[in-house]
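Everything quoted here is computed from the prediction, not taken from an experiment.
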Amino acid sequence: MIEKSPDGCFWKVIEDSKRSLRRLCRQLEQMPREELISYQQQYEKFKAIVNPLYREDYDSFAEDDWACSEDGADDFAAWVVMQGQSFFDEMFADPAQLFAQAKAFEEAGEDGTVETRWDENVDRREYRGYQRADSIATAIYRMRFGEELGDAL
C-alpha cells in the first residue's frame with residue numbers, strides 16, 4: 001500500500017469524482033488555495049511513482065521492440081492515477097504488469113483507442129484543453145486566483 005496523501009483527501013477526491021471531470025472540477029473549485037496546491041503536488045508525486053521511465057527496474061522490463069516516449073509515459077502515469085487508488089496500488093506492486101499495461105496503453109494510443117474511462121466534459125470554457133485529472137487544477141487555479149499553479153508548486 002502506498003502512503004496516503006498528507007491531508008488524507010487525494011484518493012477520496014479521485015474516487016468521489018466517479019470518473020467525471022465535471023465532478024472533479026466542482027470539488028477542486030471548492031478547495032482553499034493550499035488544498036488545491038496539495039492536490040496537484042500529490043498527483044505529480046503519484047504519477048512519478050508509476051511512470052515507467054522513472055522506475056529503477058525499467059531496463060528489466062523494457063522490451064527491444066518497445067521504447068516508451070516521455071509524453072507517452074506521462075500520459076500513461078496520469079491515466080493510472082485517474083483509475084483510482086486500488087488500480088494504482090496494483091500497478092505499483094507488480095512491475096511486470098505495470099510495464100505490460102504501459103505497452104498496451106501506448107499501442108492503444110497509436111490507433112486512437114485509448115479510453116480514459118472518464119467523462120471529460122467540463123462546464124467552463126476556460127477548462128478546455130486541460131481535460132485530464134492531472135492538469136485541470138492548473139486551469140482552476142488560474143481562474144480562481146489569477147496566478148499560475150506552476151509558480152505555486
> What closest approach, in Å, do Leu53 and Ser69 show between heavy atoms, and which atom pair accounts for it?
Replying inline: CD1-O, 3.8 Å
> Taking only residues two or more places apart in sequence, or in another chain, which ones meet Glu90 in a side-chain contact (heavy atoms from CB on, under 4.5 Å)?
Replying inline: Gln97
> Are Val50 and Trp79 side-chain neighbours, meaning at least one heavy-atom pair lies under 4.5 Å?
Replying inline: no
> Who are the side chain to side chain donor-acceptor pair (under 3.5 Å) partners of Arg26, not counting sequence neighbours?
Replying inline: Asp123
>> Would you say that Asn121 contacts Leu21 through its side chain, given a criterion of any heavy-atom pair below 4.5 Å between the two side chains?
In response: no
>> Which residues pass the side chain to side chain donor-acceptor pair (under 3.5 Å) test with Ser17, not counting sequence neighbours?
In response: Gln27
> Would a 4.5 Å heavy-atom cut-off, applied to side chains only, mark Ile49 and Phe46 as touching?
Replying inline: yes
> Does the pair Glu147 and Arg142 meet the rule for a salt bridge (charged side-chain N to carboxylate O under 4.0 Å, His left out), with working shown?
Replying inline: CA-CA 5 Å; Glu147 301 170 2; Arg142 183 181 303 126; over 6 Å; no
>> Working to the nearest 0.5 angstrom, can you tell me the gap between Asn51 CG and Asp74 CG?
In response: 6.5 Å
> Who are the salt bridge (charged side-chain N to carboxylate O under 4.0 Å, His left out) partners of Glu15, not counting sequence neighbours?
Replying inline: none
> Which heavy atom of Cys25 sits nearest a heavy atom of Val122, and at what distance?
Replying inline: SG-CG1, 4.2 Å
> Does Gln40 use its side chain to pair, donor to acceptor, with the backbone of Leu36 at less than 3.5 Å?
Replying inline: no
>> Can you give me the closest heavy-atom contact between Ile14 and Val81, atom names plus distance?
In response: CG2-O, 4.0 Å
> For Gln41, what residues pass the side chain to side chain donor-acceptor pair (under 3.5 Å) criterion, not counting sequence neighbours?
Replying inline: none
>> I need the Met31 CE to Tyr141 OH distance, nearest 0.5 Å.
In response: 13.5 Å
>> Quick check for you: to the nearest 0.5 Å, what is the distance between Thr138 atom OG1 and Glu148 atom CD?
In response: 8.0 Å
>> The criterion is side-chain contact (heavy atoms from CB on, under 4.5 Å); which residues satisfy it with Asp75, sequence neighbours excluded?
In response: Phe105, Arg132
> Under the side-chain contact (heavy atoms from CB on, under 4.5 Å) test, which residues partner Ala133, sequence neighbours left out?
Replying inline: Leu24, Tyr39, Tyr43, Met82, Trp118
>> Going by the rule salt bridge (charged side-chain N to carboxylate O under 4.0 Å, His left out), which residues pair with Asp94 if we only count those two or more places apart in sequence or in a different chain?
In response: none
>> Please check: side-chain N/O of Gln131 versus main-chain N/O of Ile136, any donor-acceptor pairing under 3.5 Å?
In response: no
> What pairs with Arg124 under side-chain contact (heavy atoms from CB on, under 4.5 Å), at least two apart in sequence or on another chain?
Replying inline: Glu29, Glu126, Tyr127, Met143
>> Suppose we screen for salt bridge (charged side-chain N to carboxylate O under 4.0 Å, His left out). Which residues come up paired with Arg128, at least two apart in sequence or across chains?
In response: none
> Which pair of heavy atoms, one from Leu98 and one from Met91, lies closest together, and at what distance?
Replying inline: CB-O, 3.5 Å
>> Which residues pass the salt bridge (charged side-chain N to carboxylate O under 4.0 Å, His left out) test with Arg144, not counting sequence neighbours?
In response: none
> So which heavy atom on Phe145 is nearest to which on Pro32, and how close?
Replying inline: CZ-C, 4.5 Å
> Does the Ser135 side chain pair with the main chain of Tyr130, one donor and one acceptor, at a distance under 3.5 Å?
Replying inline: yes
>> Is there a side-chain contact between Phe10 and Lys45 in this structure, where contact means two heavy atoms from C-beta onward sitting under 4.5 Å apart?
In response: no
>> By the ring pair (Phe, Tyr, Trp, His ring centres under 6.0 Å) test, which pairs, at least two apart or in different chains, include something from residues 13-37?
In response: none
> Are Trp11 and Gln42 side-chain neighbours, meaning at least one heavy-atom pair lies under 4.5 Å?
Replying inline: no
